[in-house]
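First the structure, in the form of structure tokens, and then the observations on it.
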Amino acid sequence: MEKEWDVLIVGAGLYGATCAHELSQKGYRCLVLEKRPHIGGNCYTENRDGINLHLYGAHIFHTSNQRVWDWINQFATFNHYHHRVKVDYNGKRYSFPFNMETFYQLWGVKTPEEAARKLEEVRVKNAPDTLEGYALSQIGHDLYETFIKCYTEKQWGRAPDLLPSSIIKRIPVRLTYNDSYFDDTHQGIPIGGYTPIIEKLLSKSEVRTGVDYLAQRAEFDASAKRILYTGPIDEFAERRFGQLLYRSVHFKHRRLEIPDFQGTSVINYTSKDIPYTRILEHKHFEFTAGPITWISEEYSGAHSKESEPMYPVRDTENLEKLRKYQEFLSGNDYSNYFFGGRLAEYLYYDMHQAIGGALKKAEAIASSLT
Ligand code: UDP
């Protein structure tokens, strides 16, 4: 019997939507199922009081991948937003990531040579290959305490000496006054937010929101030639090798009747006594003017049934479980299934990486159908 759909895509986040676009452009009939009441996954933005709110946290598009940049620019115009973050520690403000301004604020040093000398003095030699060890080997004890220790504990819910160094390697230490958060060739915020991009990507597919694929799996699977699953991989395989650990974040969104709360989009709170990790002020992403502002306090917590899985905890134990899931799902029974995205690959993906991965996955799915 002819199947109703060529490809069933589970998840209408950026990864699923990118694949839906590529496949539907090629003429494949795609059905996209989404558990949440809206599309866009964590990129979802919503307009309130004329401000586009990043309801699941700050999403700054940045990439050095020209193919991805050209691709995303078909669907949006990006503004000139350039991500810069300030740190608040015990009520004092610092420039971040580590740069000459930070070293001046902390040590009063003015030249790269002085800063290099000071760093050499404080660096811990032969530190272990953990998040804590790596940080100490780069910046020493004082800077580690001020910028990293408590923030990391709040964000990951465990001691930094039990976390992999890979998490912190994205934070540069620069001996220049460059305080840019990212080093990429391209960055910006899509004017109008991310939701219109996802709408365009899904415009040629059938989309059903508020649908739990796993609860009606047999029926859906029977309706499609191929299935692309972008949800948590352990849930797909009924957690037979145990639960994969994710950290979650939740937000307290507040509407304030003032034009500007903090003068910038993101301030990180690195001291212990402040329960949230950062405050976002959404109007700064798109330079929106007006008498109202929206801010969001970001709190990290364990992932539970009520929360969204966000950050994979890629420690040895969880990576071993992941390997078992991947091996199990590479078997013949799953030859019509494809897996991809932050949750299915258990990867700490940025948006440009999700798109890059999805473009390749869509090609693989298309060639499996020809
Ligand atoms: N980090 C920190 N203090 C900060 C910012 C980051 O200790 O002020 C650490 C923390 O462990 C975090 C990691 O660096 O998980 C990576 O930070 P990034 O800002 O890239 O994380 P994301 O924005 O993806 O949450």
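In listed order, ligands and their atoms are each counted from 1.
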Which residue owns the protein heavy atom closest to [atom], what's the atom, and how far is it?
{"atom": "atom 3 (N) of ligand 1", "answer": "F147 O, 2.8 Å"}
{"atom": "atom 16 (C) of ligand 1", "answer": "I167 O, 3.6 Å"}
{"atom": "atom 23 (O) of ligand 1", "answer": "R278 NH1, 3.1 Å"}
{"atom": "atom 17 (O) of ligand 1", "answer": "I171 CD1, 3.7 Å"}
{"atom": "atom 20 (O) of ligand 1", "answer": "R170 NE, 2.8 Å"}
{"atom": "atom 10 (C) of ligand 1", "answer": "T152 OG1, 3.5 Å"}
{"atom": "atom 15 (O) of ligand 1", "answer": "W156 NE1, 2.8 Å"}
{"atom": "atom 5 (C) of ligand 1", "answer": "N268 ND2, 3.4 Å"}

Within-4.5 Å side-chain heavy-atom neighbours: Q326 and F339: no
Check: I233 and L244 side chains under 4.5 Å, non-hydrogen atoms: yes
Derivation and outcome, salt bridge (Lys or Arg N to Asp or Glu O under 4.0 Å), residues K149 and E132: CA-CA 8 Å; K149 188 170 184 286; E132 178 173 272; over 6 Å; no
Residues R29, E2: salt bridge by 4.0 Å N-O rule: yes
Partner of H83 by ring-ring contact (aromatic ring centres under 6.0 Å, His included), out of Y181, F96, F285: Y181
Ring-face cation contact, Y348 with R170, 6.0 Å cut, 45° max: yes
Six-ring centre of Y299, R278 cation under 6.0 angstrom, axis tolerance 45°: no
Of all the atoms in ligand 1, which lie at a distance below 4.0 Å from a heavy atom belonging to [X]?
{"X": "Y311", "value": "22 (P), 24 (O), 25 (O)"}
{"X": "F96", "value": "4 (C), 5 (C), 8 (O)"}
{"X": "I148", "value": "2 (C), 7 (O)"}
{"X": "I168", "value": "9 (C), 14 (O)"}

Ligand 1 contacted by K149 (non-hydrogen, < 4.0 Å): no
Single-linkage hydrophobic cluster, 4.5 Å side-chain cutoff, V207 and I227 together: yes
Chi angles and distances behind the side chain to side chain donor-acceptor pair (under 3.5 Å) call for R323, N318: CA-CA 9 Å; R323 195 192 56 73; N318 283 286; over 6 Å; no
Polar contact flag for T270 and ligand 1 (N/O pairs, less than 3.5 Å): no
Shortest heavy-atom approach to atom 1 (N) of ligand 1 - which of Y89, Y151, Y348, Y181: Y151
Within 6.0 Å of NZ in K200, more than 12 heavy atoms from elsewhere: yes
